[in-house]
Number of protein chains: 2
Amino acid sequence: MSKRVSTKDKILNAAEALFAEHGFEQTSLRQITADAEVNLASVNYHFGSKKALIQAVMARYLEVLMPALDRELAKLSEQPQVTTRAVFDCFRSPLNELRQVRKHGPTIFLSLLGYAYADIQGHLRRYTMDHFGDVMQNLLAALHVANPNLSPVDMFWRLHFVLGATVFAQVSGPALREIAAADFGEAIAADQMIDRLIPFLAGGVDAPSR
Amino acid sequence: MSKRVSTKDKILNAAEALFAEHGFEQTSLRQITADAEVNLASVNYHFGSKKALIQAVMARYLEVLMPALDRELAKLSEQPQVTTRAVFDCFRSPLNELRQVRKHGPTIFLSLLGYAYADIQGHLRRYTMDHFGDVMQNLLAALHVANPNLSPVDMFWRLHFVLGATVFAQVSGPALREIAAADFGEAIAADQMIDRLIPFLAGGVDAPSR
DNA sequence: GCACATTTTAAACATGCGTTTTAATTTAAA
DNA sequence: TTTAAATTAAAACGCATGTTTAAAATGTGC
């Protein structure tokens, strides 16, 4: 009944799970191909290199998320009033869409984004910025409308604090949830974290600048 | 005139600079020993292993910062009123002290903390938590006093959002400063970033929880 | 100045990595 | 069914890593 999965997709699926859990550099092609139950050489055959595989994994997500986020931001810009909170709420439905397509989609994507961002070598940073640059600009613009009192350079930094809090919480999410469960006897699902995150981010961006 | 520097210290100095710039995993013992101008084997001779070296580098910072931060938090707890902002200001003087001892001390320390925190394998996470656990608790307590309306579990998460924004901004600091300089023609020193960061963090922690 | 412990050095070791090669196999078209 | 292309498979390559070894050099106490 179930459709045959191509080698290419088997690799992508195994790779994204391992990347999200261990990062790009720490994940070997041997782990990936073992998990995917394909031959080691097939990665280089289908993708050319490990770098290209990483970019392909990211592309699968960016192609879904980017248009969705752009749509939400466009919708928002038609509103008479734009609050910081409303800007961040624009992320909710794209991420939820992603969750429907892929169970752990948002978690994986944000983890990937975190690792991509922390990537010093920059080949991924350049790649993601090429695809994310426009959305970044739209985000900055929307946040500026919501917060005209903040200087562009202040907003630039705050947007990166936002990104930092987000991806960091996501990357260390499993460990943190473990600690939280032990300390508070309360399990926190990944999709609940964004509910905790958004108020924090909006409060940070809306804060007076000194 | 200048004192002879021991091999051990030469290794520690070279290691911390490279760790802060490239992370723990991406830095090889060969890079470290080349920069330190010592023999490759001396790392294993003096420290036993790369893991032990990493912990020794962290320890040098923790031993300076932890007591200083504890002192500031204790001083704060004697005040009649405690605000979230005041809690975060407790970091200023310990970090400045660090800067006087080591020129790029705060930058390096926060970068190290970031890499340590992102470290999945956990040997460093466990190590740093052993040394940082008490301060974490004191921080949580102080923040709870400043913000009694927030539930412990909410505070737990927000503290980690804070940590995320901080270390992330620090780790990607060089690249971000580069972009900022290009986009705004404005160079931003590392020690000015904390002035931008603290208002953001305080605003985030003080935000309503939904 | 000698004997012993400490430290430094150079070389090799074992392991894991991304990649390439070459042959076997499967797939698809004629 | 035959033939050519696409894919899979196993093995090896070249390189970088952390670590270990054993000899040389240096320092130290008597």
Side-chain angles (χ1 to χ4, degrees), chain A residues 2-59 112 115-116 118-124 126-127, chain B residues 2-59 112 115-116 118-124 126-127:
Chain A
S2 62
K3 256 199 215 146
R4 157 168 166 65
V5 182
S6 73
T7 298
K8 217 169 168 175
D9 284 338
K10 283 200 274 190
I11 292 172
L12 285 172
N13 291 334
E16 75 169 23
L18 287 168
F19 284 156
E21 195 174 359
H22 303 118
F24 298 118
E25 321 271 3
Q26 305 296 330
T27 304
S28 72
L29 295 186
R30 283 168 175 82
Q31 287 177 262
I32 294 170
T33 51
D35 276 27
E37 294 180 330
V38 302
N39 188 272
L40 168 62
S42 54
V43 171
N44 285 281
Y45 176 77
H46 284 286
F47 296 94
S49 68
K50 186 183 179 182
K51 272 190 188 181
L53 170 62
I54 293 173
Q55 294 183 355
V57 168
M58 282 301 288
L112 293 177
Y115 285 118
D119 172 48
I120 307 291
Q121 297 154 25
H123 84 275
L124 232 181
R126 220 174 302 119
Y127 178 86
Chain B
S2 61
K3 256 199 217 148
R4 158 169 167 63
V5 182
S6 72
T7 299
K8 216 169 169 174
D9 283 339
K10 283 201 274 190
I11 293 172
L12 285 172
N13 291 335
E16 76 168 24
L18 288 168
F19 284 156
E21 194 175 357
H22 303 118
F24 299 117
E25 322 272 1
Q26 305 295 330
T27 304
S28 72
L29 295 185
R30 281 167 178 82
Q31 289 176 263
I32 294 170
T33 51
D35 277 27
E37 295 179 328
V38 301
N39 188 272
L40 168 63
S42 53
V43 171
N44 285 281
Y45 175 78
H46 284 286
F47 296 94
S49 68
K50 187 183 178 182
K51 273 190 186 180
L53 170 62
I54 293 172
Q55 293 183 355
V57 168
M58 282 302 289
L112 293 176
Y115 285 118
D119 170 49
I120 305 292
Q121 298 156 24
H123 84 275
L124 232 182
R126 220 174 303 117
Y127 177 85

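Protein chains get the first letters and strands the later ones, always in sequence-line order, with residue 1 at the start of each.
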Quiz item: Heavy atoms, side chains only, cut-off 4.5 Å: are Glu25(B) and Glu25(A) in contact?
Solution: no
Got a second to check how far [X]'s [atom1] is from [Y]'s [atom2], nearest 0.5 Å?
X        : Y        : atom1 : atom2 : answer
Leu40(B) : Leu29(B) : CG    : CG    : 6.5 Å
Leu53(A) : Glu16(A) : CG    : CD    : 10.5 Å
Leu12(B) : Thr7(B)  : CG    : OG1   : 11.0 Å

Quiz item: Do Arg30(A) side-chain and dG18(C) base share a donor-acceptor contact under 3.5 Å?
Solution: yes
[atom1] of [X] versus [atom2] of [N]: gap in Å, rounded?
X        : N       : atom1 : atom2 : result
Glu37(A) : dA10(D) : CD    : P     : 14 Å
His22(B) : dT17(D) : NE2   : P     : 12 Å
Lys8(B)  : dT8(C)  : NZ    : P     : 11 Å
Ile32(B) : dG18(D) : CD1   : C1'   : 11 Å
Asn44(A) : dT7(D)  : CG    : P     : 15 Å
Ile11(A) : dT7(D)  : CD1   : P     : 12 Å
Leu18(A) : dC17(C) : CG    : P     : 12 Å
Lys50(A) : dC17(C) : NZ    : C1'   : 8 Å

Using OP1 and OP2 only, check whether a side-chain N or O of [X] sits under 4.0 Å from [N].
X        : N       : answer
Ser28(B) : dT17(D) : yes
Thr7(B)  : dT7(C)  : no
His46(B) : dT6(C)  : no

Quiz item: Which is true for Thr27(B) with a 4.0 Å heavy-atom rule: it touches a base, it touches only sugar-phosphate, or it touches nothing?
Solution: sugar-phosphate
Practice problem: Specify the residue among Leu40(B) and Ala41(A) whose closest nucleotide of DNA chain C lies further upstream toward the 5′ end. | Solution: Leu40(B)
Self-check item: Closest-nucleotide 5' rank along DNA chain D - winner of Gly48(B) and Tyr45(A)
Solution: Tyr45(A)
Practice problem: Please report the C-alpha distance between Phe47(B) and Gln55(B) in whole Å, then the side-chain angles of each, then the deciding distance to 0.1 Å, and finally whether the side-chain contact (heavy atoms from CB on, under 4.5 Å) criterion is met. | Solution: CA-CA 10 Å; Phe47(B) 296 94; Gln55(B) 293 183 355; over 6 Å; no
